Amino acid sequence: MMQRAAVAWKKRVLKRMPSTSRAVHTLKDENCPILISPSLVSLDLPDIWAPNSTPHDFPSTDKFSNEQKAAIIDGKSMSEEITTRIAFEVRRMKESIGKVPGLAVILVGHRRDSQTYVRNKIKACEEAGIKSMMTELPDNCKEDEVLNALSRFNEDPSVHGILVQLPLPQHLDEAKILDVLSLEKDVDGFNPLNMGNLAMRGREPLFIPCTPKGCIELLIRSGVEIMGKKAVVIGRSNIVGLPTSLLLQRHHATVSIIHAFTKNPEQITCEADIVVTAAGVPNLVRGNWLKPGAIVIDVGTNPIEDPSCEHGYRLTGDVFYEEAVRVASLITPVPGGVGPMTIAMLLSNTLDSAKRAYDFT
């Protein structure tokens, strides 16, 4: 499936590009474009991953010991420690200037996973003493309704961070909506200016996107040296994959990105010292994708129908945990790994925004 998608992509690109002979014959035409390379936006295609549902035998080799067990990176306990420190700073701010940070959330639709994420974020705000407010809109709402809610929060001086819960329903223009969000309140760090400053050496973004920031914090708190290591990021979304790869480069890792059109992804991945996976495909990364001793950060939070669970589903990661735990040296569980740390980073960004707004140190 992945190969078919890649072939179709190549055909579409080649169809848009003029042939060499045609380009030569039209050089004298005043209306002929100077360059024949297509625009970057025209090359954009969705990463549609082939589900890894076919069972594979785990490789039988002396490199992998049945007794080997990776150490667990406990994102839950690490995030609780960070949240406790944030709560202390919030109390200090309130006692000093009578103000607290404020986070506003816009939730569109009734996706169960999005509702769970938002519920967890609101709960975390309460624990840290951060004021939270939420606007809920139906799936079929008009774009103007989202923009109006966003504008109100932009203008509210008590709001220091605004979160638009993604993904949005397909009829809404996500880019247009995020562009309206105030740069100074973009605690998710998705603004192109934030992303550009993240990419450029010598620049500091106002906010680092929460999940990538949390991944790096997990690595550092686990004693992992990132500098000079080979890192592979699986997935290239604007939310996780892209900023994670940029952030790893800023920490001097040598980074490769795996996406749905990558050939032989398992061969590239098995050379990595650090693997961060954010493809959104349950059990995509098998044990034979990893080299012994690799460090695995599983960002995947894929809802799987399970009537026995409280909300009717359970979360599973992109990594086949039972296999990976026999190969890796460190690994994050799902849930309880990256998720809690992402929320802690959201609170941290909101606190930083409030400190800037009030000039509080």
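What you see is a predicted model, and the numbers here were worked out from it, not measured in a lab.
- Remark: side-chain polar atoms of E323 are paired, donor with acceptor, to backbone N or O of G287 under 3.5 angstrom.
- From I257, atom CD1 reaches atom CG of L248 across 9.5 Å, with rounding to the nearest 0.5 Å.
- Atom-to-atom distance recorded for E174:CD and L178:CG is 5.5 Å, nearest 0.5 angstrom.
- In this structure, a donor-acceptor pair under 3.5 Å is present between the side chains of N194 and D186.
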Inset, instruction - Test N288 against C270 for side-chain contact (heavy atoms from CB on, under 4.5 Å), laying out the working first. - result: CA-CA 7 Å; N288 58 353; C270 72; over 6 Å; no
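- A donor-acceptor contact shorter than 3.5 Å links the side chain of N302 to the backbone of T316.
- Smallest separation of non-hydrogen atoms from L181 and L150: N-CD2, 3.8 Å.
- S353 places a side-chain N or O within 3.5 Å of a backbone atom of E184 that can act as its donor or acceptor partner.
- By the 6.0 Å contact criterion, NZ on K99 is open, its count of non-hydrogen atoms from other residues, nucleotides or ligands being 12 or less.
- The CD1 atom of I343 sits 11.0 Å away from atom NZ of K76, with the distance rounded to the nearest 0.5 Å.
- Within a 6.0 Å radius of CZ in R92, more than 12 heavy atoms belonging to other residues, nucleotides or ligands are found.
- Annotation: ring pair (Phe, Tyr, Trp, His ring centres under 6.0 Å) contacts involving residues 317-360, sequence neighbours excluded, comprise H160-Y358.
- Counting non-hydrogen atoms of neighbouring residues, nucleotides and ligands closer than 6.0 angstrom, the CG atom of N264 exceeds 12 such neighbours.
- A donor-acceptor pair is defined here as one N or O able to donate and one able to accept, closer than 3.5 Å; such a pair exists between the side chain of N154 and the backbone of V180.
- Side-chain atoms of N197 never come within 3.5 Å of backbone atoms of R203 as a donor-acceptor pair (strictly under, hydrogens ignored).
- The backbone N or O of P265 sits nowhere less than 3.5 Å from a side-chain atom of T262 that would complete a donor-acceptor pair.
- S348 places no side-chain N or O within 3.5 Å of a backbone atom of A344 that could act as its donor or acceptor partner.
- In this structure, the side chain of K230 does not engage the main chain of I274 through any donor-acceptor pair within 3.5 Å.
- Using a distance-only test at 3.5 Å, with no hydrogens or angles considered, no donor-acceptor pair links the side chain of N191 to the main chain of L183.
- Scored by the side chain to side chain donor-acceptor pair (under 3.5 Å) test, K355 finds E89 as partners (sequence neighbours excluded).
- No side-chain donor-acceptor contact under 3.5 Å links T332 to the backbone of G337.
- Contact annotation: the side chain of I297 approaches that of V338 to within less than 4.5 Å [non-hydrogen atoms, C-beta and beyond].
- Note that CG of N148 is 11.0 Å distant from NZ of K142, once rounded to the nearest 0.5 Å.
- Around the CZ atom of R356, the shell of radius 6.0 Å holds more than 12 heavy atoms that belong to other residues, nucleotides or ligands.
- Between the CD1 atom in I258 and the CD atom in E266 there is a gap of 9.0 Å [rounded to 0.5 Å].
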